[in-house]
Amino acid sequence: MQLQNAISQSISQALEALFGLTVDASAISLQPTRKEFAGSFTFVTFPYTKQAGKGPEQIGEALGAYLKEHAAEVKNYNVVKGFLNLEIEEEVWVRLFRELMTNPSHGQATDSGKKVMVEYSSPNTNKPLHLGHLRNNFLGYSVSEIMKANGHDVMKANLVNDRGIHICKSMLAYQKMGNGETPESSGIKGDHLAGKYYVLFDKAYKEQIDELVAQGMDKEEAKKKAPLILEAQTMLQKWEQGDEEVVSLWKTMNGWVYEGFDATYRNIGVDFDKFYYESETYTLGKERVEEGLQKGVFFKKPDGSVWVDLTDEGLDEKLLLRSDGTSVYITQDMGTAELKHNDFPYDQSIYVVADEQNYHFQVLKAVLKKLGKPYAEGIYHLSYGMVDLPSGKMKSREGTVVDADELVQEMIDTARQQTEELGKIEGFTPEEATKLYHTLAMGALKYFLLKVDPKKRMLFNPQESIDFRGNTGPFVQYTHARISAILRKAGEMGIAVDAASFSDFNNLHEAEQEVITLLVNYPEVVQEAGKLYAPSVIANYAYELAKAYNRFYQEISIFNETDEQARNFRIALSAMVARFVRESMSLLGIEVPERM
RNA sequence: GGCCCUGUAGUUCAAUGGAUAGAAUAGGAGUUUCCUAAACUCUAGAUUCAGGUUCGAUUCCUGACAGGGCCA
């Protein structure tokens, strides 16, 4: 921000004037002053002791005195050990506040000219979404919004895994046991219906295995020889040959699943600009293999399989094409990377995929680099950890999966219950109340999943995690609702929110100054979040802002203030907090209510 | 066996190499003639271990230990 730059400049000049040191202003780092000391910015003198030939405290004192004298922004200073704390003139804060008030694009970067593709969600069409998918979806959506705020042109893509043996399993079970059941006839949401048959398949398959083992067959062999799995494999072959009956069933069942996914996506508030289907892309990539062979960067083994040697990158040799000419996952991904780049010539391609695929993406990037693809450099794997339950890892086969739709519904029920207990729905129409419960439920859930560093495995405890107090989404939402009440009242009183209404105001409370500092900092936070692909940075910011405001709200009265300018300023300050709470939360995909 | 990720209060999470390691929750004590107490204030409590680099290490490096993942 400008203020920091100005101070860095002054420090640079001071170092030159006092000690004859030439230090570029951009190399001078300022940090926010810790709460227990007076001041807003802190300059650390230790790194300059040798060059200056003075002790840290001496340097601090000399710099502080010089800055107080020469830098208009600096009101006062104090030196603790080697830390120079600088206090800023109050009118500087008020001026900065007025500037951001009248700047509608504070926090929205100008067009960067860069294209960024974000692939996320990417579900299988054989079962409904679960808690892990929610982390993925929220991350993908939020990172997309953060990239937009950083001025990039963003395309959100979803690569649907709609083919393969897992779908055939559901289809086969449906053929055998479905009796023509449909989402309409059963009242079961399409994706859940497909999931039901996937589970049925697995159960029957297991029984067959047990039977074979009981007859004396080795377990591994039984897994391969069970009639059901053989049938499923036959079905996959038929699908690949375009068998009419199989393809028709596949289309029908996938159609149900898409309707189900659509409903879930709408409910959780995520969307996509483009869908890719693996059924359309799974044959791609073989041309890339051919290209690599011609360029001599891939090699063929005697059995005809194609490999790439990545040992120079610290990776292994990797299979790219089987000896029978069929492709593997990495082959397909090479193809889709090219396809995506043709569709949308990205500078950066972000893949939001779980961390079990870390190695896979290292390989993908390395292989594309070997092929000399310029877009390889822009590939970034946004890797995230599993969501664990208190009982351990989620396992679909053991029925310990937290279903996304059910979880959202539970959150909504909890929101309703809590709101009713607190007696907060007075004056709400039923529609407004329903909307509020949804907003709160999604706020709690999204915030909970996004406030944590994506890399980390996280624990989801259904009892403890659904909290509406403390460092949570609803806490931030509550702050917005409180401010909205203030703004409504100000409106009724005919007080307009504008900078002119407090033109002579200058006397800031500490709590007010803290809030302004946070507001002024918002664009940097957005930048930081973009650089790190980290919604958690935004979540922390929103929390800090809400917390700082609540302190102000508690300590300082607005409408009892007799000084009109001070009152107007506080209303304006409140309005700006509401604005940036709203903006930062929207980067997380979270809505904020007017009342709650 | 090789490679990758993660180890911080009882618990769930923070901390561009900087000060006395922050929050939340659970525990203890308070705040309502006043704009929404889903709030605020106070209190107690933690860096897995051993080396190294540095004026300074939760952070960087090496090695253990623990948890998780990937590749055969």
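All chains are named by letter (A, B, ...) in the order of the sequence lines, taking the proteins before the strands, and each is independently numbered beginning at 1.
OP1 or OP2 of B:rU41 sits under 4.0 Å from a side-chain N or O of A:Arg551. At B:rG7, none of the side-chain N or O atoms of A:Arg457 fall inside 4.0 Å of OP1 or OP2 (strictly under the cut-off). Side-chain N/O atoms of A:Tyr478 include one lying less than 4.0 angstrom from OP1 or OP2 on B:rA38. Put simply, A:Lys424 has a side-chain N or O that comes within less than 4.0 Å of OP1 or OP2 on B:rA38.
You'll find a donor-acceptor pair under 3.5 Å spanning the side chain of A:Thr419 and the base of B:rA38, going by distance alone. Remark: the A:Asn85 side chain and the B:rA19 base include a donor-acceptor N/O pair separated by less than 3.5 Å. You'll find a donor-acceptor pair under 3.5 Å spanning the side chain of A:Thr42 and the base of B:rA19, going by distance alone. Not a single donor-acceptor pair, N or O on each side, falls under 3.5 Å between the base of B:rU6 and the side chain of A:Lys455.
Note: CD1 (A:Ile558) to P (B:rC35) measures 11 Å, nearest angstrom. Atom-to-atom, CE of A:Met386 to P of B:rG68 comes out at 13 Å; the value is rounded to the nearest Å. Atom pair A:Gln554:CD and B:rA38:C1' shows a separation of 13 Å (rounding to whole Å applied). Distance CD (A:Glu492) to P (B:rC35): 14 Å, rounded to an integer number of Å. Rounded to whole Å, the distance from NZ on A:Lys451 to C1' on B:rU12 is 7 Å.
Side-chain atoms of A:Tyr549 and A:Ser574 form a donor-acceptor pair, as typed in the model, at a separation below 3.5 Å. Between the side chains of A:Asp355 and A:His381, no donor-acceptor pair of N or O atoms lies under 3.5 Å. A donor-acceptor contact under 3.5 angstrom links the side chains of A:Asn358 and A:Ser383, judged on distance only. For the residue pair A:Asp453 / A:Ser536, no side-chain donor-acceptor distance below 3.5 Å is found, with atom types taken as modelled.
Pairing partner, B:rG22: B:rC13, with both Watson-Crick or wobble hydrogen-bond distances short of 3.5 Å. With a cut-off of 3.5 Å on both Watson-Crick or G-U wobble distances, the partner of B:rG27 is given as B:rU43. Within the shown strands, nothing qualifies as a pairing partner of B:rU36 under the Watson-Crick or G-U definition with both distances less than 3.5 Å. Shown here, B:rC60 forms a base pair with B:rG52; the pair counts as Watson-Crick or G-U wobble because both key distances fall under 3.5 Å.
Among the atoms of the strands shown, none is found under 4.0 Å from any heavy atom of A:Thr49. Nucleic acid contact for A:Leu422: base, since at least one base atom lies under 4.0 Å from a heavy atom of the residue.
In the set B:rA19, B:rC4, B:rU16, the nucleotide with an atom closest to the side chain of A:Arg34 is B:rA19. You'll find that the side chain of A:Lys81 is closest to B:rU20, out of B:rU12, B:rU16, B:rU20. Here the nucleotide nearest the side chain of A:Lys547, chosen from B:rA19, B:rA23, B:rU25, is B:rA23.
The stacking criteria are not both satisfied for A:Phe46 over the base of B:rG56, which would need a centre-to-centre distance under 5.5 angstrom and an angle between ring planes under 30 degrees. Stacking is found between A:Phe37 and the pyrimidine-like six-membered ring of the B:rA19 base under the 5.5 Å centre-distance and 30° plane-angle cut-offs.
Two rings, from A:Tyr522 and A:Tyr541, have their centers less than 6.0 Å apart.
Ionic pairing of A:Arg570 and A:Glu561 is present here: one or more N-O contacts between side-chain nitrogen and carboxylate oxygen are shorter than 4.0 angstrom.
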